[in-house]
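Quick notes on the structure that follows.
Both ligands and their constituent atoms are indexed starting at 1 by order of listing. None of these values were measured; they are calculated from a predicted model.
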Amino acid sequence: MKNTTLIVLLGAPGSGKGTVAQYITKKYNVCYFSTGNLLRNEVKKKSDMGCKVESILGSGGLVSDDIVNEIVEKNLRGISEEYGAVVLDGYPRTKKQALMLECRYAPVPDCRVQAILLNVAPEEIISRISQRTICDSCGSAYGPSQRKTACACGGALVRRKDDEEVVVRHRLEEYEREIEPLLAYYADKLIEIDGADSLEGVAAQVEAHLRSLGIEERR
Ligand code: AMP
């Protein structure tokens, strides 16, 4: 991969990272990359990795950096160079993962990393997650106002097992523990967005940033 921008989307679970990422993926020449989706696929396939991580995903804990780095390495490498950027949703989640990403891609010609933080208050997170469903095929998330019974891709809408309140609280604790070092790490390449705004409002802020980075809309 060369001549590309890696856009690191930071934010608590339920802050809208996946929704925003999928929105800009449709409109801009960017590729969507979610470690959560990749790990859930491994669980679904019952692969060796899937069996190792299933209970961790179910409890809301973080999968080890080594396993995550393995799955990232395997899947990021194959992304086509035709994309102007790759939106990373849920990776890196720890400073160790950020260092790995930097080591792997910093030497690649014209490959840069930018970070976007979606800020949403914890009470809003719990409320959003308790009402959302996700597509069991593509991972798109839907809120109650969308009144959908199936995903646009045809997949079934289901509740995520780790969206139960007790598990969400654990995921939020993990997030709080890891986010400060990550924000410090990305301080000079970070923009913050009010994630409590409407999808259109959040998307407009993200789009302004993409344009300032020279990332083009799809033709
Ligand atoms: P997500 O879909 O991003 O909310 O991720 C769902 C779950 O997958 C998380 O709660 C973690 O158990 C695991 N996971 C996803 N990405 C990572 C990562 N970068 N590091 C560690 N665990 C991860």
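- Remark: distances from the non-hydrogen atoms of Lys17 to ligand 1 are all 4.0 Å or more.
- Contact atoms of ligand 1 toward Gln97: 18 (C), 19 (N), 20 (N), 21 (C) (distance under 4.0 Å to a heavy atom of the residue).
- Hydrophobic clustering (ILVMFWY, side-chain heavy atoms < 4.5 Å, transitive): Tyr105 and Phe33 are in one cluster.
- The atoms of ligand 1 that sit less than 4.0 Å from any heavy atom of Thr35 are 15 (C), 16 (N), 17 (C), 19 (N).
- Residues Val167 and Val43 do not share a hydrophobic cluster, defined by chaining ILVMFWY side chains whose heavy atoms lie under 4.5 Å apart.
- Between Arg171 and Glu174 there is no salt bridge, since no side-chain nitrogen of the basic residue lies less than 4.0 Å from a carboxylate oxygen of the acidic one.
- Taken together through direct or relayed side-chain contacts under 4.5 Å among Ile, Leu, Val, Met, Phe, Trp and Tyr, Tyr23 and Tyr142 form parts of separate hydrophobic clusters.
- Pro13 does not count as a contact of ligand 1, since none of its heavy atoms falls under 4.0 Å from the ligand.
- With a 4.0 Å heavy-atom cut-off, ligand 1 is reached by no atom of Glu178.
- Relative to atom 21 (C) of ligand 1, the option among Val53, Val43, Val63 with the closest non-hydrogen atom is Val63.
- Counting heavy atoms from C-beta on, the side chains of Leu76 and Leu88 come closer than 4.5 Å.
- Atoms of ligand 1 found under 4.0 Å from any heavy atom of Leu39, numbered from 1 in the order shown, are 8 (O), 13 (C), 14 (N), 15 (C), 23 (C).
- Near Leu62, meaning under 4.0 Å from one of its heavy atoms, ligand 1 places the atoms 21 (C), 22 (N).
- The hydrophobic clustering, which links ILVMFWY residues whose side-chain heavy atoms are closer than 4.5 Å, places Leu213 and Ile193 together.
- Among the atoms of Val68, none of the N or O lies under 3.5 angstrom from an N or O of ligand 1.
- A 4.5 Å side-chain heavy-atom check between Ile116 and Leu190 finds every atom pair outside the cut-off.
- Of all protein heavy atoms, the one lying nearest to atom 7 (C) of ligand 1 is Leu57 CG, 3.9 Å.
- Under a hydrophobic-cluster definition in which Ile, Leu, Val, Met, Phe, Trp and Tyr are linked whenever side-chain heavy atoms come within less than 4.5 Å, directly or via other members, Leu118 and Ile125 are assigned to different clusters.
- Contact annotation: for Glu174 versus ligand 1, there are no heavy atoms closer than 4.0 Å.
- Among the atoms of Arg160, some N or O lies under 3.5 angstrom from an N or O of ligand 1.
- Remark: ligand 1 and Gly90 share an N or O pair separated by less than 3.5 Å (distance only, no angle test).
- Of the candidates Arg132, Gln131, Arg128, Arg132 is the only one forming a side chain to side chain donor-acceptor pair (under 3.5 Å) with Asp163.
- The N/O atoms of Tyr91, backbone and side chain alike, include none that comes under 3.5 Å of an N/O atom in ligand 1.
- Protein heavy atom at the shortest distance from atom 9 (C) of ligand 1 is Arg93 NH2, 3.8 Å.
- Here is the list of ligand 1 atoms found below 4.0 Å of a heavy atom in Gly61: 10 (O), 11 (C), 12 (O).
- When the shell of 6.0 Å around NZ of Lys189 is examined, it contains more than 12 heavy atoms from other residues, nucleotides or ligands.
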